[in-house]
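Written below as structure tokens is the structure these notes are about.
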Amino acid sequence: MPGTPIKDYLRESRIFNTRVTVVVVFIAILVLILIGRLAYLQIVDHRHYMTLSNENSINPVPIAPVRGLIFDRNGVVLAENYPVLTLEIVPDQVKNMKTLLAQLGKIVTLNSQDLKDFYRELREKPHFDSLILRSNLTQEEADRFAVQRYRFTGTDLHARLERYYPQGGLAVAALGYVGRISEGETKVIDDADYRGINYIGKIGIEASYENLLRGKSGIKNVEVNAKGRAIRTLGRIPPVAGENLYLNLDAQVQAAAEQALGHHRGAVVAIDPRNGGVLAFVSTPTYNPNPFVDGISDKAYRALTDNPDSPLLDRALDGRYAPGSTIKPFLALGALNSGLNPNKTFYCPGYFHLPGSSHMFHCWAWRQGGHGIVDLRKAIEQSCDVYFYNLAVHLGINRIDNILNRFGFNSKTGVDIPGELSGLVPSPAWKAAHGLPWYPGETVIMGVGQGAMLVTPLELANATAILADKGVGFEPRLVRAIQNPTTRTITYLKPVPGRTYPLKSSAYLGEIVQDMADVVSSPRGTGYFMGHTAPYQIAGKSGTAQVKDMPSDMVYNAKTTAKNLRDNAVFIAFAPVSNPRIAVAVIVEHGGFGGEVAGPVARKVMDAYLLPHKPAQADARAYGYHTN
Amino acid sequence: MNKWQRWHIDRPLFLALCLLSVVGMFVLYSAGGENTPLLIRQALRLALGFAVLVAFAQIRPETLQRWSPYIFAFGLALLLAVLAVGSVRLGARRWLNLGLFRFQPSEIMKLGMPMMLAWFFAREPLPPRGRIVALGGALSLAPILLIAKQPDLGTAALILGSVLAVLFLAGMSWRSIMFVLVLAGMATPLLWTHLHQYQKQRIETLLDPSSDPLGAGYHTIQSMIAVGSGGFFGKGWLNSSQAHLDFLPESSTDFIFAVFAEEFGFLGILMLCSLYLFVLGRSLLIAFYAQDTYARLLAGGLALTFFMYVFVNIGMVSGILPVVGVPLPLISYGGSATVTLMAAFGMLMSIHTHRRIITQ
């Protein structure tokens, strides 16, 4: 009856009563179902459940899988697992946690960090789980506990495998480390994947290959007595161990690079230009990742973060530096590719100015009166700045940006570890976005890799590898192969094509490579000091990058200038020239002159890789694994 | 006029609730591992609950009716506040931190929703036309979606249940009911894809608990063992081995019925269910005797919501419904749910004791 606003109370109450009756019938059916179900459980199936209850002393317990091992390319072990004794508590079986912890504290050492971690787990994890109170118990502590363990219901000793990095800080920038699963991580991960597992890869390879390394938990059914103490294991679903990783990284090359950098802050990245494999990935100073595994103490952590050398900064991945003159070969190749005649000369009086401007841009050799008449070959060999100031103006900023972007500058390389930063190739558009105009002088200094331009060591090595491999690039890869720990079959990862520089003629490349070889072999070359004695032919380029703008009349002297104002030393190289197998980028912070300081580091890295050396001790074999 | 009537208390309902609370304290003492401080805390909560009950019983139904839309709007605003600034516990955003204590706004909705719908339908002649039903349904959608998003699927489902209960009691036509059922059937696959991984897992493990004996299936398996091993007479008070050996998780909260079933057996269950059915019956009777549409719909809606709580909890413990966090009324350990429930019974008593006495 549409449109009747009159309430018919009698009718409403009649409808309601009918509905209530229907509801009562419906409820009766539901109650009968429920009662039926309960009767079925308690009367029909009672015997079955009674048996289960009597045997329910059988507790399913997760078994943690063995985390995959990480080897270098020759089978040197970089990350392994070793057994430790842990003291663990099942909170549900504990009557008074405070007293228990106080009493346990008298038997084993419990520092504030242990207690803090334990209380966090107590808040986050189910109380029927076994929670780690202390790990890495000494034999003495374990013995002391074992004797008195009847006093501590719900507490027991367990043997667990813990991550260990036998080489200490070697390659920590690439490897990263694992640590206890944090509060934030518990919200993101799937519990089912981490049953019985307490560790997760935090950074580096350990983080990016977490899913392969982790493996799969198993379950064992443990019979426990009335006090909850395990008596025997009944059945088990075995865990599946995580996959082993073989890196492209060569531990000997890595060690050579770390040693060569010495006490300097800096970074080295070496790449196999033929496939993008990362042979060395160094950031100094290094630090020992082992304390992070079980939660580094606040004090030790603060010591690392307060260290003025900031060892925790991964300089190879996230350090951003002015490339200095190492940018010149890339610009030169781009210029040739866009029609520059290599025989074209510029006159270098030791300085340069833009037409109509009095601002003077110096050549590094200005005090000797400049380089005189310079063609491309001489400009690269002797790193003539004035030639490249002219070249930069000749190319213009848009073409410069285009060339540099094609070598992968200004973007992440896509390396297989997380947290990579990209460098910066400034452009008029970039400045406009910041509300600033582009000045012609900025184009000039782009020619020598100064100004706002920044590169990461990884980007620089990647670009060098592109150059070495005739313009063909690959995404840098730390991991070379994955090994199934059971079948031991090794699966090699395919190189991933990266940026490729479209060359109009291979002669252009030949010209640049020859010029870079002259840098090292010609007595006037800036790299002669580092490379002329090498038994293989090296192509290189030095760079000396200003850290701070200095007045153009200030006389720079590496000896007298304060250390933190000294230039960064940069060097790029690849070898052997005829068939390059290694491309290197080196940055030494405040090292001074590139050819003298960064060059020898590059040389040692290449020597370690290219010269015949003792085969690495095959740790992999000790684990029963074989490489080919 | 006797003393009970002067305080607007319905004696049979009040005594039944007291009896349930006492039973609850006994079970909790056993399930909580004979933990006296726990028992004292629960006793304080129950005392607070009864105080709230008496307070609500004094409010006249007309006043409740006038407040209904405001309470609903207030609850909705708080739910939006939770979405914006709520604190996260155990991975769900359900709580508002009020400094002194944390508070779940969805509790207000448990009462606000049936009140709002009763108010809404009481304004129109019944049975409601299809348009009115649709409008009422739409009105209730926002809070349900907000709660489901927290995510608190159990509470959302129960509030949806209370909506359907009021709609049904209001006299929604059978054709509309069929339409809604068909719609719901079609929406199920869509809903499935929107469930969280753990929610899907709970439903999957209901079908096969042994598929994941350590994880989602663990609760169900252990509680079925507890119930089944209780048998006809039960193992006796304080003899629940499942709870005492810590095989049964959540034994003093959501799974407390399993402890009860293990200790008091099928016989105990029949008695407890009779007690619950008595409370339900008395509540429906109050709805039946109520003198206007608002009171009738509210009383009926609250009574059926109470039943749903009991049914879902026992169904979950006995393994025929998925594991959702729904407490067993007056027996499970827990604060805010008890207070909400007592407020609901206070309203029922108010409805019953504020009738204009008619001699028939």
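Protein chains get the first letters and strands the later ones, always in sequence-line order, with residue 1 at the start of each.
- Using bins of under 30°, 30° to 60° and over 60° for the plane-to-plane angle, the ring pair B/Phe260/B/Phe264 lands in the tilted bin.
- Using a 4.5 Å cut-off between heavy atoms, B/Ile269 contacts chain A through its side chain alone, with no backbone atom that close.
- With a threshold of 4.5 angstrom between heavy atoms, A/Val44 does not approach chain B through any atom at all.
- Only the side chain of B/Phe257 has a heavy atom closer than 4.5 Å to any heavy atom of chain A.
- Side chain of B/Tyr289 to backbone of B/Arg355: no donor-acceptor contact under 3.5 angstrom is found.
- Top candidate by heavy-atom pairs under 4.5 Å with chain A, chosen from B/Phe307, B/Phe232, B/Tyr276, is B/Phe307.
- Heavy-atom distances place both the backbone and the side chain of B/Ala261 under 4.5 Å from chain A.
- Of all the listed residues (A/Asp45, A/Ile35, A/Ile33, A/Ile27), the one sharing the greatest number of non-hydrogen pairs under 4.5 Å with chain B is A/Ile27.
- Between A/Arg160 and A/Glu88, at least one side-chain nitrogen of the basic residue sits less than 4.0 Å from a carboxylate oxygen of the acidic one, meeting the salt-bridge criterion.
- The contact between B/Phe266 and chain A is made by backbone and side chain atoms together, counting heavy-atom distances below 4.5 Å.
- Heavy-atom distances place no part of B/Ala290 under 4.5 Å from chain A, backbone and side chain included.
- Taking CE of B/Met224 as the start and OH of A/Tyr40 as the end, the distance is 8.5 Å to the nearest 0.5 Å.
- Counting only distance, with no hydrogens or angles, the side chain of A/Gln103 and the backbone of A/Leu100 share no donor-acceptor pair below 3.5 Å.
- Residue contact with chain B, scored on non-hydrogen atoms closer than 4.5 Å, involves the side chain of A/Ile15 exclusively.
- No more than 12 heavy atoms of other residues, nucleotides or ligands sit less than 6.0 Å from atom CG of A/Leu10.
- Proximity to chain B (any heavy atom under 4.5 Å) is shown, for A/Thr18, by neither the backbone nor the side chain.
- Using a 4.5 Å cut-off between heavy atoms, B/Leu284 contacts chain A through its side chain alone, with no backbone atom that close.
- Counting only distance, with no hydrogens or angles, the side chain of B/Glu263 and the backbone of B/Leu238 share a donor-acceptor pair below 3.5 Å.
- Using the six-membered ring where Trp is involved, B/Trp174 and B/Phe168 have ring planes that are perpendicular, over 60° apart on the 30 and 60° scheme.
- Proximity to chain B (any heavy atom under 4.5 Å) is restricted, for A/Ile43, to the side chain, taken from C-beta onward.
- Interface check for chain A: of the options B/Gly265, B/Gly281, B/Ala226, B/Ala303, the most heavy-atom pairs under 4.5 Å are formed by B/Gly265.
- No hydrogens or angles considered: a donor-acceptor pair under 3.5 Å links the side chains of A/Tyr194 and A/Arg214.
- If you tally non-hydrogen atom pairs under 4.5 Å between each of B/Cys273, B/Gly171, B/Gly300 and chain A, the highest count goes to B/Gly171.
- At a threshold of 4.0 Å, the pair A/Arg67-A/Glu210 counts as salt-bridged, since one of the basic side-chain nitrogens sits closer than that to a carboxylate oxygen.
- Comparing A/Leu30, A/Val20, A/Val24 by heavy-atom pairs within less than 4.5 Å of chain B, the highest count is held by A/Leu30.
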